Amino acid sequence: MLKIYNTLARDKQEFVPIVPGKIGMYVCGMTVYDYCHLGHARVLVAFDMVYRWLKASGYDVNYVRNITDIDDKIIKRAAENGESIHALTARFIAAMHEDADALGVQHPDHEPCATQYVPEMLEMIATLEQRGLAYQAPDGDVNYAVRKFAGYGKLSGKSLEDLRAGERVEVAEGKHDPLDFVLWKHAKADEPEEVKWDSKWGKGRPGWHIECSAMGSKLLGSHFDIHGGGADLQFPHHENEIAQSEGAQPDDGSHGQFVNYWIHNGFVRVDNEKMSKSLGNFFTIREVLKQYDAEVVRFFILRAHYRSPLNYSDAHLDDAKGALTRLYTALKSLPVRPELVEGERATQSIHASTSSARTDLVDWSEPYAARFKTAMDDDFNTPEAVAVLFDLVNEVNHTKSAEAAAQLKALGDVLGLLQRDPVEFLQGRSLQAHMHEEVRASSSADAEVVRGENFINAQIEARIAAKKARNYAEADRIRKELLDAGIVLEDSAAGTTWRRA
RNA sequence: GGCGAGAUAGCAAAAUGGUUAUGCAGCGGAUUGCAAAUCCGCCUAUCCCAGUUCGAUUCUGGGUCUCGCCUCCA
């Protein structure tokens, strides 16, 4: 039985879907005006893991992850760049998809853009106005009247009084209450036509929160199972979503509740501080991927629990790399079962696993798999699940069991890990193209030679010759030289192989 | 100021009212021409002070410290 920590209850709860066997899940995605940073990577990977586990548990999941493609920052950035809003957002949507693909993130079932759902938003705002929950201020903005919504604050655990006490921003004119938030922003003269939509309240554009309410209810219904996002969205974004969506529930005496389970992931930190744009202490995903294999980054994220803080540093990434190397080394030593080997050549990237994890290959009654499942069912405890993977590694190395190796790979697949050819991972071919680029740029001929596979293989041959001639000094010199270049040689009965340190 | 989360070994990170987390690092042994990998064994821990209990890292209270939200934010 799956248990989920529900922010709404501030406790782990047994998960019961609204419709047996089916799950509607909405996750707040990115505002696309810049490259994604590691904090975004964590949301992408964390909810990808949730998505995979729900599917592996047999649910038919409808996963919606939105894209915010209209927003103050977008308008500002486009103006700075002298380009259209659409050109800017299209570029960063493409970049986001590249980053997500690299990290092995499966595509959501729907990826709606805010600009495509303006009519639905206007409809919802009209309903709210009709019910006295929204009003148009003198400046033309349409605001939500928070004090008219009884449940305001239930997600973030705040009361209107607490919030007012902590008020530290200037209150916009015309609001009935300082905490009222904007549903529809009236058009400003200096804004491009591209961001002006007609409405009964005049030309304008949507406020930030309304898009998620409108798209969520359009694609998943007015009441659905799971809503996720970063912990910083809890307030005000998700609180406001609840106010909007529950305030606009259909008038048919049905449920009245918007979402049953709210899931929030923890932050990525740098030097114990939240990684954020405003602090400027962020690393973009593509920056990090120049230095580290994408699967190492994915593993780094999944090795911590999704609600815990995750400190980013090179030392921690190096540590993750070492750990993942142990997993792949175990898989390298043995061929897994034929049905798993088949097609392996075609699955060279970590996102290769098909839309539904190959759970048919997992025997969940087998002790390791059972432990893995218990861990995942306990609020997606990936650190515990990963620990099971390492116990399986010991089993594989100890018994040389092909079944255990197959199990290791199959369970890895559930987490979106371990699906590459181990040799490809260990020799770091995925970084090859990049390395060559960098080497050329630095015009360091030596480094290029040393790093080239041809050179490595030639050195291995030379060393074998030296060993045959019992010239161990030369053999050791070659080993040392390659090691200094980051290449580890491994002798075995089957011959000499190499991997990157 | 209001609200919330957390403090576990050298580092990272789980769990648990009494019994091995796990990974990296370190130490000893096996193996190896030397290594690497692997196996076997070992070492380092539960922020402080009270309380509950036969027994607390785990529960309760107090304290200290850290972090987050209250402003755009994943």
Side-chain angles (χ1 to χ4, degrees), chain A residues 7 10 27-31 36-47 65 68 71-73 76 153 156-159 161-170 179 208 228-237 239 264-269 272-279 282 299-300 303-305 307-311 313 315-327 329-330 332-333 371 375 378 381-391 393-394 396-400 426 467 470-473 475-476 479-480 483 487-493 496-499 501:
Chain A
T7 308
R10 257 160 279 280
V27 171
C28 289
M30 257 52 79
T31 300
C36 292
H37 59 65
L38 229 44
H40 300 117
R42 191 174 192 190
V43 192
L44 290 168
V45 170
F47 287 100
R65 191 185 65 213
T68 299
D71 154 87
D72 289 354
K73 292 186 293 296
K76 183 162 173 270
S156 53
K158 298 171 192 301
S159 71
E161 287 63 41
D162 291 344
L163 288 163
R164 280 182 196 117
E167 191 62 57
R168 43 180 227 211
V169 273
E170 199 120 338
L179 292 161
W208 173 37
D232 45 3
L233 297 183
Q234 207 172 304
F235 187 90
H237 184 55
E239 196 67 65
H264 293 97
N265 66 273
F267 301 126
V268 174
R269 297 183 185 175
N272 224 28
E273 254 190 343
K274 178 185 173 183
M275 178 182 287
S276 74
K277 296 245 167 147
S278 43
L279 287 171
F282 62 90
F299 179 80
F300 167 68
R303 195 157 67 134
H305 185 83
R307 283 191 284 114
S308 301
L310 180 62
N311 255 306
S313 76
H316 297 156
L317 266 292
D318 288 339
D319 191 67
K321 180 187 174 186
L324 189 58
T325 296
R326 177 168 164 81
L327 295 175
T329 301
K332 175 193 152 196
S333 60
R371 275 178 60 205
D378 182 15
N381 192 340
T382 54
E384 183 67 29
V386 167
V388 173
L389 259 34
F390 282 103
D391 287 341
V393 164
N394 187 254
V396 168
N397 289 333
H398 185 72
T399 66
K400 307 294 177 201
L426 295 168
K467 277 169 62 172
R470 300 207 164 266
N471 184 353
Y472 291 121
D476 289 350
R479 175 195 293 291
K480 178 74 165 44
L483 187 61
I487 304 299
V488 180
L489 296 188
E490 300 183 336
D491 295 333
S492 76
T496 299
T497 56
W498 64 274
R499 65 183 169 86

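Because the structure is predicted, anything quoted here is derived from the model rather than measured.
You'll find a donor-acceptor pair under 3.5 Å spanning the side chain of A:Lys158 and the base of B:C69, going by distance alone. The base of B:C67 has none of its N or O atoms less than 3.5 Å from a complementary donor or acceptor on the side chain of A:Lys274.
Side chain of A:Glu384 to backbone of A:Ala375: no donor-acceptor contact under 3.5 angstrom is found.
The nearest whole Å value for the distance from the CG atom in A:Asp71 to the C1' atom in B:A74 is 14 Å. Remark: C1' of B:A14 and CG of A:Asn381 are 6 Å apart, rounded to the nearest angstrom. Taking atom CZ of residue A:Arg307 and atom C1' of nucleotide B:G4, one finds them 13 Å apart after rounding to whole Å. Rounded to an integer number of Å, the gap from CE of A:Met30 to P of B:C72 is 19 Å. If you take CG of A:Leu324 and C1' of B:A12, they are 15 Å apart, rounded to a whole angstrom. In this structure, A:Asp232 atom CG and B:C67 atom P are separated by 17 Å, rounded to whole Å. Rounded to whole Å, atom C1' of B:C72 lies 14 Å from atom CZ of A:Phe235. Taking atom CZ on A:Phe267 and atom P on B:C73, their separation rounds to 12 Å, with Å as the unit.
With B:A15, B:A74, B:G23 as the choices, the nucleotide that has an atom nearest any side-chain atom of A:Ala323 turns out to be B:G23. In the set B:A14, B:G23, B:C11, the nucleotide with an atom closest to the side chain of A:Glu384 is B:A14. Ranking B:C67, B:A14, B:G23 by closeness to the A:Arg269 side chain, first place goes to B:C67. Across B:A74, B:A14, B:G23, the shortest atom-to-atom separation from the side chain of A:Arg303 is found for B:G23. Of the listed nucleotides (B:C72, B:G23, B:C73), B:C73 has the atom at the smallest distance from the side chain of A:Ser276.
The closest side-chain heavy-atom distance from A:Lys332 to A:Glu490 is below 4.5 Å. With contacts defined as side-chain heavy-atom distances shorter than 4.5 Å, the pair A:Arg65/A:Val43 does not qualify.
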Under a 3.5 Å cutoff on both atom distances, Watson-Crick or G-U, what's the dot-bracket for RNA chain B ([ ] crossing, | other strand)? (((((((..(((.....[...))).(((((.......)))))....(((((..]....))))))))))))....

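Between A:Ser308 and the phosphate of B:A14, there is a side-chain N or O to OP1/OP2 separation shorter than 4.0 Å.
The side chain to side chain donor-acceptor pair (under 3.5 Å) check on A:Thr399 picks up nothing, with sequence neighbours excluded.
Applying the 6.0 Å contact sphere to NZ of A:Lys274 captures more than 12 heavy atoms from other residues, nucleotides or ligands. Counting non-hydrogen atoms of neighbouring residues, nucleotides and ligands closer than 6.0 angstrom, the CZ atom of A:Arg10 exceeds 12 such neighbours.
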Annotated protein contacts, base or backbone, on nucleotides 31-45 of chain B with a non-hydrogen cut-off under 4.0 Å, one of B, S, - each: --BBBBSSSS-----

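Comparing A:Lys277 and A:Pro383 against RNA chain B, the residue whose closest nucleotide sits nearer the 5' end is A:Pro383.
Comparing the C1' positions of B:C43 and B:A37 gives an interatomic distance of 23 Å, to the nearest angstrom.
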